[in-house]
Amino acid sequence: MSLKVYNSLSRKKEEFKPITKGHVGMYVCGPTVSGESHLGHARPYITFDIVNRYLLYLGYKVRYVRNITDAGHFEEEGREAEDKISKKAQLEKIEPMELVQKYTNLFHWAMKEFNILDPNIEPTATGHIVEQITMIEKIIEAGYAYVSNGSVYFDVKKYAATHDYGKLSGRVIEDLLETTRHLDGQDEKRDKADFALWKAAPPQHIMRWKSPWGEGFPGWHIECSAMATKYLGVEFDIHGGGMDLLFPHHESEIAQSTICNHHTPAKYWLHNNMITIGGKKMGKSYNNVIKLTEMFSGNHPLLTQAFTPMTVRFFILQTHYRSTQDFSSEALVAAEKGLKRLWEGYEVLQKLPGTSIRLPVTGNRQPAADKDLEAQCSKLLAELDDFMNDDFNTAKVLANFFEMVPFINGIKDGHISMDALSSNTFQLMKTSFKLWLEDILGLKNPKENNPVLNSVMELLIEIRKESRENKDFATSDKIRNQLNKAGILLKDKKNGNISWEIL
RNA sequence: GGUCCUGUGGCCGAGUGGCUAGGCAGAGCUCUGCAAAAGCUUCUACAUCGGUUCGAAUCCGGUCAGGACCUCCA
């Protein structure tokens, strides 16, 4: 089974065929660094990290471009034609680029915490003003944009006459032309559906660039088109982003690029669904966001505790990327426990010695039940590729791994014979856990490893072991209780071993 | 108002015509100096009404409920 992806353009799953054999070009709309990233932002970056990792696993050479939006194109914020970044900068009395740097750093920190692979190119909007201006000029030359009071608008009506404006979002052009809303700069436009390619900057606007039409700043959609074209060409494989960007952002990108480059920019449009909270989309406008720093610190009224980046990553992977995913502290707690159980199974597996009897397995050595186990295991392992090939179904992949955990524990506890699995299957299971959990799903050990603490704990555990052997329970209980107060949990295993974890 | 999507057991969530999803919680058991942890086993589903079919959570239609986009948004 080959890779199938759901293409928002056709609204169905399509077989993935790269434009250039062996290579994939992917563009994903990155963050707007005018503020701190929140939980909702984590989803697209984790989703497309999975896409990236899986394509790499399939052997493609991937060029993954994810931009940083650091230029103003946020017109009509609060009915004022003002750029969000410069507005906030004035409030905080710092340079806009200082603010941009601060939030970019925070974003990069979060990406690292989530174990997200770096994109190959991370272009910034401010670094590509020239490309954007060039593109706008081409669109004007082609006759699909017009200048009005120092701003440039895309002529949607003209475009729609010969092209399908709405092919991606399903929007009907007639409806768009009848919009009744009153927006700033509306009178500059020929039609209400027209969107800005370039906006003239009012005098107080800090972020501004010279252009053939006067000083101003680029419109909302042009940056992605310009940067995608520059680094991936006029036609590339995948364009990703959140579903809320379908219209008008991606629809407009298609229109601009089609006029400028005579190509529909991307072959496959992939969109992740939203994270909701109490059934409502998490977003700035709803004032219900939980910032990532708050997630990781637990410092938010809706959080009962702090959650690690890996818990959040795992939580997101448990849901298919095109479904909405409802956030609650309870759901995160469940994810945390699930990940722990899965990871412990993985660690136990890596320590198991493997089948002792190498073969040749004479037919009757294994009882019938073990043949079932062998078959079950092989099936669970073989299905992994199919699940991912089916539009990246990480939830099913995880479910299969969970189903293998009891087998591992069974072998560890001796319920299941070490020889129940063939050497081949056992080894495959070992390598599959690592390959899938770590490399493809990008999960990491949820526990921190601190070598100093490790050696201290080793000592304490040694002392406690001795006291238990001597039936000096006062000492052993003291160690256990004091550690518990300090936030460390000791677990007595039945073989006399003791393990520990930080609560 | 227009376009589109969703409704699964206490919670989260896979699943598109017949086959146990999975996780968390609950219950029982095992282990144990005590405890915790862990492991094993296990109960509770498919919004509602009608239709198609030998058979539907899964397809079709109605109803109800919720949501997204149409404005900055991941």
Side-chain angles (χ1 to χ4, degrees), chain A residues 11 28-32 34-35 37-48 73-79 84 166 169-172 174-176 178-181 183 193 220 240-249 251 271-276 278-286 289 314-315 318-320 322-328 330-342 344-345 348 387 390 393-403 405-406 408-410 412-413 415 468 471-473 476-477 480-481 484 489-496 498-501:
Chain A
R11 264 156 254 193
V28 173
C29 291
T32 300
S34 64
S37 298
H38 59 75
L39 180 62
H41 295 118
R43 199 167 188 198
Y45 307 126
I46 289 173
T47 297
F48 290 101
H73 53 223
F74 306 94
E75 56 187 290
E76 289 132 18
E77 158 86 352
R79 307 198 64 203
K84 231 186 224 170
S169 59
R171 212 96 332 182
V172 182
E174 286 75 19
D175 295 346
L176 294 171
E178 282 167 23
T179 313
T180 51
R181 287 180 68 248
L183 300 173
W220 180 26
M243 267 183 195
D244 49 355
L245 296 182
L246 256 156
F247 189 89
H249 188 51
E251 194 70 63
H271 291 97
N272 64 277
N273 214 137
M274 302 292 106
I275 284 184
T276 60
K280 270 253 183 243
K281 173 184 165 185
M282 184 180 285
K284 283 168 218 159
S285 9
Y286 297 108
V289 301
F314 178 79
F315 170 70
Q318 272 187 308
T319 306
H320 187 94
R322 277 190 298 106
S323 301
T324 54
Q325 179 172 31
D326 201 54
F327 166 85
S328 68
E330 204 186 353
L332 260 291
V333 169
E336 182 181 76
K337 288 184 182 171
L339 174 60
K340 196 175 132 205
R341 178 171 140 84
L342 183 65
E344 276 173 5
V348 167
F387 292 158
D390 185 19
N393 198 329
T394 52
K396 292 200 94 176
V397 169
L398 285 172
N400 270 25
F401 278 104
F402 270 109
E403 289 201 57
V405 168
I408 296 166
N409 289 329
K412 180 194 71 177
D413 294 344
H415 308 142
R468 286 184 75 205
K471 308 257 183 235
D472 176 9
F473 296 124
S476 72
D477 285 353
R480 185 176 67 198
N481 295 338
N484 201 275
L489 178 70
L490 288 187
K491 296 187 270 188
D492 297 339
K493 300 289 173 74
K494 35 181 149 156
N495 56 12
I498 300 169
S499 67
W500 61 279
E501 69 182 68

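Order of the sequence lines fixes the chain letters, A, B, ..., with proteins taken first and strands second; residue numbering starts at 1 for each chain. Not measured: the values here are computed from a predicted model.
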A:R341 vs B:G23: side-chain N/O to OP1/OP2 distance below 4.0 Å: yes

Least distance between heavy atoms, A:H320 atom then A:D390 atom: CE1-O, 4.4 Å

Side-chain donor or acceptor of A:Q325 paired with backbone N/O of A:F315 under 3.5 Å: yes

Phosphate-side-chain proximity, A:N400 and B:G22, N/O vs OP1/OP2 below 4.0 Å: no

Separation between the C1' atoms of B:C19 and B:A56, rounded to whole Å: 14 Å

Watson-Crick/G-U partner (both atom distances under 3.5 Å) of B:G61: B:C49

P-based separation of B:C60 from B:G17 [nearest Å]: 12 Å

N/O donor-acceptor pair, side chain A:D477 with base B:G33, under 3.5 angstrom: yes

Minimum-distance nucleotide (side-chain atoms of A:A334 versus B:A74, B:C24, B:G15): B:C24

For B:A56, the Watson-Crick or wobble counterpart (both distances under 3.5 Å): none

Per A:A331 side chain, nearest of listed nucleotides B:A38, B:C12, B:C40: B:C12

Pairwise C1' distance for B:C24 and B:G13, with rounding to whole Å: 11 Å

A:K284 side-chain N/O to B:A74 phosphate OP1/OP2 under 4.0 Å: yes

Member of A:K337, A:K491, A:K412 meeting the salt bridge (charged side-chain N to carboxylate O under 4.0 Å, His left out) criterion with A:E344: A:K491

OP1 or OP2 of B:A74 under 4.0 Å from side-chain N/O of A:T32: yes

Donor-acceptor pair under 3.5 Å, A:S285 side chain vs B:C72 base: yes

Touch class at under 4.0 angstrom, heavy-atom based, for A:M243 against every strand present: nothing

Touch class at under 4.0 angstrom, heavy-atom based, for A:L398 against every strand present: nothing

Mate of B:A25 where both pairing distances stay under 3.5 Å, Watson-Crick or G-U: none

First encountered from the 5' end of RNA chain B, between A:Q325 and A:G170: A:G170

Closest-nucleotide ordering on RNA chain B, the 5'-leading residue of A:N273 and A:G338: A:G338

Short side-chain N/O contact to B:A14 OP1/OP2 from A:S323, under 4.0 Å: yes

Under 4.0 angstrom between A:K280 side-chain N/O and B:G66 OP1 or OP2: no

B:G67 to B:C49 separation - P atoms, rounded to the nearest Å: 23 Å

Span that lies between the P atom of B:G61 and that of B:G66, in whole angstrom: 22 Å

Distance test, side-chain N/O of A:K340 to OP1/OP2 of B:A37, below 4.0 Å: no

A:K337 side-chain N/O to B:A25 phosphate OP1/OP2 under 4.0 Å: yes

Whole-Å P distance, B:G39 and B:C5: 41 Å

Side-chain donor/acceptor contact of A:S476 with base of B:G33 under 3.5 Å: yes

Lys/Arg N to Asp/Glu carboxylate O, A:K281 vs A:D244, below 4.0 Å: yes

No-H, no-angle donor-acceptor pair, A:R480 side chain to B:C34 base, under 3.5 Å: yes

Partner nucleotide of B:C19 by Watson-Crick or wobble geometry (both distances under 3.5 Å): none

Rounded P spacing from B:U71 to B:U8 in Å: 31 Å

Opposite nucleotide pairing with B:A38, Watson-Crick or G-U, both atom distances under 3.5 Å: B:U30

Base partner of B:C4, which must satisfy Watson-Crick or wobble distances under 3.5 Å: B:G67

Sugar-phosphate, base or nothing in reach of A:K396, heavy atoms under 4.0 Å: sugar-phosphate

B:U48 versus B:C11 - spacing of their P atoms, nearest Å: 15 Å

Touch class at under 4.0 angstrom, heavy-atom based, for A:P406 against every strand present: sugar-phosphate

Sugar-phosphate only, base, or nothing, as touched by A:L246 at under 4.0 Å among non-hydrogen atoms: nothing

Touch class at under 4.0 angstrom, heavy-atom based, for A:N272 against every strand present: base

Nearest heavy-atom neighbours spanning A:P44 and A:N272: CB-OD1, 3.3 Å

B:G67 OP1/OP2 closer than 4.0 Å to side-chain N/O of A:Y286: no

Touch class at under 4.0 angstrom, heavy-atom based, for A:F473 against every strand present: base

Sugar-phosphate, base or nothing in reach of A:I275, heavy atoms under 4.0 Å: base

Ring centroids of A:F402 and B:G23 base under 5.5 Å with planes under 30°: no

